[in-house]
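Computed from heavy atoms alone, side chains included, the values below leave out hydrogens, waters and symmetry copies.
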Amino acid sequence: MSGVILFLILLALAAAGYVLGRRKAAALTAGDQRLMHSLISFHGWNVALATFLAGVVVLVIWSFLNSFLGFEGSSFITPVLAIGAAVVALFWSYSRIDKDFRARNSVEAMVKALLITASSIAILTTVGIVLSMLFETIRFFQQYSWTEFFFGANWAPNFRGNSDLGILPLLWGTLYISIIALAVAVPIGLFAAIYLSEYAGPKTRAVAKPMIEILAGIPTIVYGLFALITVGPLLRDYFAQPLGLGNSSASVMTAGLVMGIMLIPFVSSLSDDIINAVPQAMRDGSYGLGATQSETIRQVVVPAALPGIVGAILLAASRAIGETMIVVLGAGAAARLSLNPFEAMTTVTVKIVSQLTGDTDFASPETLVAFALGITLFVLTLGLNILALYIVRKYREQYE
Amino acid sequence: MTDMTAPAAPAQKKHSSLLTLDERTKKRNAGERRFRMYGLAAVATGVIALILLLVSILSSGLPSFTQTFIKADIYLDPAALDPEGNRNPDDIRKVLTFSYQPLIQNSLSDLAAEMQAGPAPELTDSMLAGMVSEEATAQLRSFVINNPDEIGSTVEFEFLANARIDQYLKGKVTMASAELDSRVDPAQLRAADAMVESGRMEKRFNWDFITNPDASENRPEAAGLGVAIIGSAYMMLIVLCLALPIGVAASIYLEEFAKKNWLTDVIEVNISNLAAVPSIVFGILGLAIFINYMGLPNSAPIVGGLVLTLMTLPTIIISTRAALKSVPPSIRDAALGVGASKMQTVFHHVLPLAMPGILTGTIIGLAQALGETAPLLLIGMVAFVKEYPSAPPEGFFEPATGLPVQVYNFTQRADPAFVERASGAIIVLLIFLLAMNLIAVILRRRFERRW
């Protein structure tokens, strides 16, 4: 029986339970609700929810056990078990209907359980991410030595076996592109935030702020295409070829520049919030001593906001490290350790995509390396986020 | 008398006045002006980058909304198309596209004579037939299947022109490049010029770009976004139906009911971490759990929808919590005062008042999910899908693709005409995003209450 039909049967049972429960409750005190603890609709909902939840819980537990232990005839047993549990729950809750029965409390307890389940999905997701990558990574390290992976300087996967899978060129590409991106985004974002919060009039702010926010809402594939068709050829024709530094339109500089543009609104809006949080009293004190506006900003406001700004920069760095589409389209797929920013260099994320797409044998080290790369990426970004949070918490001054 | 030596003449204290500024003040003022300039330059750089981006995408993508067609009269020969003579659609369907090719060639034969007489003497019949897209036979065939009564008559049909001819009319292919190109001949381009002048060939607005399914590598002129739009629509539907209830339920629990213990802290830290995890990690999660462990079909909208739900959940939770927090405590106290339970207070009073904020946050989360590409690449949506998925719920399990993934697909193909298609697809994507964000802003303006 398909899952959809089973689901519909459980729903139908629950609906029947609601109608029956309500009728019984209404007949209890001849419909005089003042004599009962709970409203008659709560009695109905109690029966309905008990029926439905019993069926769903038994279904989930059984499917879970089944996937590990594999009972026979499970396609027959599963619906029987679920529907049986639902019917048992229906009869049991129907029998409890009484004028003093705390139906409202019972319903609210079940709803609360549902809410807690919904909240735990967040934890389950994180657990799922870690576990899914961990198991495959362990399988990978059984086939390929971890020292060679973490310290190898050569990335040359060969699907016939005997490939070199060292992460260092990829980490270098990621680092290089992120540094260029931050070098573009942090000055522009910070100065834009300072200008918009300190100097700009309301009209300028009303126009410029939304435009910078729009930059944040553009999907990264658009930036990737922009890098591919405009920025790449522009840099190659006007900078790389004349200077003799490189010949390809996909380069670290292309991806770094475009990623920097993408990060500008990120840095700008976070810095804006932090700069606005610095109390006016500090600025007024500085003006009172005769400082100009720029001196106030440079010597009073920014140092006061520094932990937050550093946190914003770290979050932007974490975003830059995890970015995929811009580097896929803008930086190419050649893994090399080079200092020339006009050469194509690839990153961890590009290689995850390329190793997992395409027809590959799922148990080969070339495919499993993608999970090892993924868990490295996850740990890196998690570390940066936690560091950002820690710095902000530790050094933030509590003003008034 | 003191031992003090007479002080030296005191250093002349410069009287600085507001009317004559001294050196130091001038420097400080110059520094102030410079700083202000930097700020303005930064804002201008951001705005210019945005304008450059939009102009570049628009200029590259707008031509994809027009397409070149060749008008010709075609005689639908019943001997070739309906050998049984009974106009039965099933029999007509058995005739393959291969049989339609000679019909097209015949219909262009007098046009070929006209071309050979004047503008393009070296144009052969097959060259002229080559100017028509390879997809044209399939289009003619579906026309005949839908209109079997037309067999035996001569109809005026608009044939889709070849990609190279189309790009010539859009200015990307020139006579010089045609000399070196194996897929087009300068004679064909001269013939194209003559046909445009005589009105046989025209460039018109191309709805097929939005409704056609994807086409193969050699036929960029027939590639369309239909499957991608439907796939994205299915995924957005799944995200809406799953992420909204779960997100609101989780927020209600965290905001109203959770006790301040370590478990709640863990949940909150988890949610803010998930909001910052790179999207490709969610793709790996989808691949490992939904496809490998649970065995859901590869490249199906349901897997994409589930992965995007997990990605959108933190956004919805954060914005819903802000909306719930903004409802003033007096509402809750009043409800409790008339005897409602905590649950009734939340569901009957707080939640309806927080609804506008929740909806705004959901729409913004959906807009973010619409543009995500990396996780969809990993769950297999890169495949070439030529058929529309059927209606839900079966359609959720059939292979499909998404708009951003379709853009990625287009960029990976060799034919340069696909660049224009990719930019056109991005324009469609940006229009959807603009519409969603506008709806969110309008909702916020109309329904937001200031307490």
Give, for atom [atom1] of [X] and atom [atom2] of [Y], the distance between the pair rounded to the nearest 0.5 Å.
X       : Y       : atom1 : atom2 : answer
R319(A) : S279(B) : CZ    : OG    : 8.0 Å
S119(A) : E255(B) : OG    : CD    : 11.5 Å
S294(A) : M37(B)  : OG    : CE    : 12.5 Å
L313(B) : I121(A) : CG    : CD1   : 6.5 Å
T230(A) : L52(B)  : OG1   : CG    : 7.0 Å
I261(A) : L50(B)  : CD1   : CG    : 9.5 Å

Heavy-atom contact with chain B under 4.5 Å, split by part of [X]:
X       : value
M133(A) : side chain
A370(A) : backbone
I321(A) : neither
L190(A) : neither
I352(A) : both
I194(A) : side chain
V231(A) : neither
K112(A) : both

Side-chain contact, heavy-atom cut-off 4.5 Å: [X] with [Y]?
X       : Y       : answer
N437(B) : I214(A) : no
I116(A) : F257(B) : no
E108(A) : Q344(B) : yes
I284(B) : F378(A) : no
E323(A) : P278(B) : no
V47(B)  : V207(A) : no
N273(B) : T126(A) : no
L114(A) : Y253(B) : no

Among [options], which residue has the highest count of heavy-atom pairs closer than 4.5 Å to chain B?
options                   : answer
A291(A), A192(A), G322(A) : A192(A)
E295(A), E136(A), R298(A) : E295(A)
L225(A), N385(A), T381(A) : L225(A)

In terms of heavy-atom proximity below 4.5 Å to chain A, should [X] be classed as side chain, backbone, both, or neither?
X       : value
L434(B) : neither
I246(B) : both
I57(B)  : side chain
I426(B) : side chain
S251(B) : neither
S341(B) : both
I317(B) : neither
L377(B) : both
L40(B)  : both

- chain A contacts, top residue of G371(B), G380(B), S56(B) (heavy-atom pairs, under 4.5 Å):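 The candidate making the most pairs under 4.5 Å is S56(B).
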- Task: Only one of V346(B), L254(B), I252(B), V248(B) passes side chain to side chain contact (heavy atoms under 4.5 Å, CB included) with L115(A); say which it is.
- Result: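 Answer to the side chain to side chain contact (heavy atoms under 4.5 Å, CB included) test with L115(A) among V346(B), L254(B), I252(B), V248(B): I252(B).
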Minimal non-hydrogen separation, [X] against [Y], with atom names:
X       : Y       : value
L215(A) : G46(B)  : CD1-O, 3.8 Å
S132(A) : I289(B) : CB-CG1, 4.1 Å
L430(B) : P219(A) : CD2-CD, 4.2 Å
T349(A) : I280(B) : O-CD1, 3.6 Å
I221(A) : P404(B) : CD1-O, 3.5 Å
A122(A) : L274(B) : O-CD1, 3.6 Å

Does [X] have more than 12 heavy atoms from other residues, nucleotides or ligands lying within 6.0 Å of its [atom1]?
X       : atom1 : value
Y293(B) : OH    : yes
K342(B) : NZ    : yes
Y287(A) : OH    : yes

- Task: List the steps and the verdict of side-chain contact (heavy atoms from CB on, under 4.5 Å) for M343(B) and N105(A).
- Result: CA-CA 10 Å; M343(B) 193 73 69; N105(A) 298 26; over 6 Å; no
- Derivation of the side-chain contact (heavy atoms from CB on, under 4.5 Å) call for S423(B) and I229(A): CA-CA 9 Å; S423(B) 308; I229(A) 61 180; 3.9 Å; yes
- Step by step, would you call R36(B) with Q293(A) a side-chain hydrogen bond (donor to acceptor under 3.5 Å, both in side chains)? CA-CA 9 Å; R36(B) 210 186 155 115; Q293(A) 213 169 354; 4.9 Å; no
- Item | Parallel, tilted or perpendicular: rings of F191(A) and Y38(B) (30°, 60°) |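 Correct class here is perpendicular.
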- Query: Is it true that a side-chain atom of E32(B) and a backbone atom of T292(A) form a donor plus acceptor pair closer than 3.5 Å?
  - Reply: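 Checking the backbone N and O of T292(A) against the side chain of E32(B), no donor-acceptor pair under 3.5 Å is found.
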